[in-house]
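In the text below, chain A, chain B and the rest are named by the order of the sequence lines, each starting its count at 1. Please read these numbers as outputs of a predicted model, since none were measured by experiment.
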Amino acid sequence: MRNLSFLPLLAPALALAAAAPFALPGSGVGDPLPEAELEGFTQTGATTLSDYAGRAILIEFFAFW
Amino acid sequence: MPHLNELQEKFGDKGLSIVGVTSEGSGPTEKWVEEHSMKYAYAYDKSKALFHGVGASGYPSAILVDASGNIAYLGHPGSITAEIVQGALAGALATPIYEWPKELSGAAKDMRKGDLAGALEELGKFGETHADITAAVTAMVKSRVAQLEKARDAGDWLRVENAGETLLKGLGKLEEATTVKGILDTLAKDKGAQAVLKAQKKVEKMFADDIKKSQFDRCEKDLHKICEEHAGTAAERDAKAGLERLKALRAS
C-alpha cells in the first residue's frame with residue numbers, strides 16, 4: 001500500500017510536482033495507470049478503461065457528501 | 001463537479017476524457033449525477049481496486065493520466081487547472097478509439113494493447129480513407145519519441161527506462177524504434193546514467209511502502225547523501241522532492 005494517508009497535507013507538494021515535469025517519489029505520479037476492471041460505463045461510448053487508450057484521462061473518484 | 005464539466009467542454013475534442021469513478025450503488029449514483037448536472041462519463045469501481053491502485057486516500061480526489069498512459073497528477077479535482085491538462089495532452093487522440101469507424105476495429109484492438117505499429121499497419125490497409133486517424137496515430141508516435149528524447153536530455157533515466165521499454169515494444173518494426181533503441185542503449189552503456197538511475201530507484205523504493213516514524217531519520221540521511229553524491233542530476237531532484245515529502249510526513 002502506498003504511503004498516501006497524508007494526502008491532504010501534501011497538496012502543495014503535489015501541486016509543485018505537477019507544475020515541474022517530474023514525479024514526487026512514491027506518489028504514484030509518473031507510474032502507469034494500474035489495470036482495473038470498471039463496470040457500468042455511462043454517458044460515454046466506452047465500455048472499458050482501455051477504450052481510452054491514446055487519450056488523456058482525468059479520473060475523478062467521487063462519493064456522496 | 002462544474003469545474004470538470006468545463007474542462008470536458010474545453011478539452012474533449014483536444015484529447016481529454018473525463019471519467020467519474022465511484023463505488024456507490026447505481027440508483028443513488030444516477031440520482032446524484034442528475035442532481036449535480038454531471039456531464040462527463042462515469043463508471044463503477046465496486047472493489048475500489050483503481051482507487052487504491054493509484055494511491056488515492058480520500059474523496060473527492062482525481063488523477064490525470066497523460067496520453068502515454070502515465071499518471072501526471074494526483075490531487076483534488078478542483079486543483080486541476082487548464083494548464084495542467086494541457087501538459088498531459090501531447091500526442092493525445094482527438095477522436096477516442098471507441099468512436100472510430102467499425103471497420104477500424106482491428107486497429108482499435110491494437111491501440112488497446114499499446115501496439116502502435118500494428119494499429120498503423122491496419123490503418124494502412126484503408127489507404128487514404130482514414131487519413132485523419134492515421135495522422136493522429138502517427139503524431140502520437142512522434143510525440144512519444146520526442147518525450148523520451150526530452151527525458152534523456154534532462155537526464156531523467158528512470159523515466160527513460162520506464163517509458164522506453166513500453167514504447168519500444170509498441171513501435172515494433174517502425175523506423176522510430178531505432179531512435180528509442182538508441183536511447184535505451186545509451187542508458188545501458190553510460191556508467192554515469194546507470195549511477196543516476198540506481199539512485200533514482202533507491203528514492204522511489206524508499207517511498208513505495210509506508211515509512212515508519214522510526215525510519216524517518218535514516219531516510220532523511222540517505223536522501224541527503226543522494227543529493228550530495230548526485231548533485232545537479234535527476235537523482236538529486238528526486239531526492240529533494242523526497243525530502244519535501246518526508247517533511248510533510250513528519251508534520252502530519
Query raised in the report: Under a 4.5 Å heavy-atom cut-off, does chain A meet the side chain of B/A94, its backbone, both or neither?
Result: backbone
Query raised in the report: Above 12 or not: heavy atoms from other molecules or residues under 6.0 Å from CD of B/E99?
Result: yes
Report task. Calculate, to the nearest 0.5 Å, the distance between atoms CG and CZ belonging to B/D45 and A/F61 respectively. Result -> 6.5 Å
Report summary line: Honestly, the part of B/T166 sitting under 4.5 Å from a heavy atom of chain A is neither
Requested in this report: Take B/Y40 and A/E60 through the test side chain to side chain donor-acceptor pair (under 3.5 Å) and record every step on the way to the result.
Outcome: CA-CA 10 Å; B/Y40 43 92; A/E60 177 201 32; 2.7 Å; yes
Query raised in the report: Is any side-chain heavy atom of A/P32 less than 4.5 Å from a side-chain heavy atom of B/I71?
Result: no
Report task. Using modelled atom types only, decide if a donor and an acceptor are shared between the side chain of B/E24 and the backbone of A/F64 within a distance under 3.5 Å. Result -> yes
Query raised in the report: Contact part of B/K39 toward chain A, heavy-atom cut-off under 4.5 Å: side chain, backbone, both or neither?
Result: backbone
Requested in this report: Can you tell which part of B/L158 gets under 4.5 Å to a heavy atom of chain A, answering side chain, backbone, both or neither?
Outcome: neither
**Report entry** Atom CD of B/E35 with >12 non-hydrogen neighbours under 6.0 angstrom
**Finding:** yes
Query raised in the report: Who wins among A/A36, A/A46, A/G40 for the most heavy-atom pairs under 4.5 Å with chain B?
Result: A/A46
Query - Part of B/D66 lying under 4.5 Å from any heavy atom of chain A - result: backbone
**Report entry** Interface moiety of B/L64 toward chain A, non-hydrogen atoms closer than 4.5 Å
**Finding:** both
Query raised in the report: Roughly how far, to the nearest 0.5 Å, is the OG atom of B/S47 from the CG atom of A/L38?
Result: 8.5 Å
Query raised in the report: Between A/R55 and B/G12, what is the shortest heavy-atom contact and its length?
Result: NH2-O, 2.8 Å
Requested in this report: Flag the one option from B/G20, B/A90, B/A92 with the top tally of heavy-atom pairs under 4.5 Å to chain A.
Outcome: B/G20
Report summary line: What one should report as the nearest heavy-atom pair of B/R112 and A/A53 is CA-CB, 4.1 Å
Report summary line: When every non-hydrogen atom of B/A88 is compared with those of A/A56, the smallest separation belongs to O-CB, 3.6 Å
Query - When B/P28, B/A154, B/G87 are compared by non-hydrogen pairs under 4.5 Å with chain A, the top option - result: B/P28
**Report entry** Note, B/Y98 side chain near A/Y52 side chain (heavy atom, < 4.5 Å)
**Finding:** yes
Requested in this report: Flag yes if more than 12 heavy atoms outside A/E37 fall under 6.0 Å of its CD atom; otherwise flag no.
Outcome: no
**Report entry** Contact origin within B/V137 toward chain A - heavy atom pairs under 4.5 Å
**Finding:** neither
Query raised in the report: Which value, rounded to the nearest 0.5 Å, describes the distance between B/I18 atom CD1 and A/T44 atom OG1?
Result: 12.0 Å
Report task. Check each atom of B/M38 against the heavy atoms of chain A and say whether the ones under 4.5 Å are side chain, backbone, both or neither. Result -> both
Report task. Could you grab the distance from atom CG of B/L50 to atom CD of A/E35, nearest 0.5 Å is fine? Result -> 11.0 Å
Requested in this report: Please tell me if the side chains of A/L33 and B/I63 come closer than 4.5 Å, counting only heavy atoms from C-beta onward.
Outcome: yes
Report summary line: Here the gap from A/Q43 atom CD to B/Q8 atom CD, rounded to the nearest 0.5 Å, amounts to 10.0 Å
Query raised in the report: Tell me, do A/L58 and B/Y73 make a side-chain contact under 4.5 Å, heavy atoms counted?
Result: no
Report task. Answer with side chain, backbone, both or neither: which region of B/T22 has an atom nearer than 4.5 Å to a non-hydrogen atom of chain A? Result -> both
Query - Contacting moiety of B/L116, where chain A heavy atoms sit under 4.5 Å - result: neither
Query raised in the report: What part of B/P96 gets closer than 4.5 Å to chain A, counting heavy atoms only: side chain, backbone, both or neither?
Result: both
Report task. Fit a plane to each ring of B/W32 and A/F62, take the angle between them on a 0 to 90° scale, and name the class: parallel (under 30°), tilted (30 to 60°) or perpendicular (over 60°). Result -> parallel
Report summary line: Answer key: most heavy-atom pairs under 4.5 Å with chain A among B/P77, B/A234, B/A49, B/G69 is B/G69
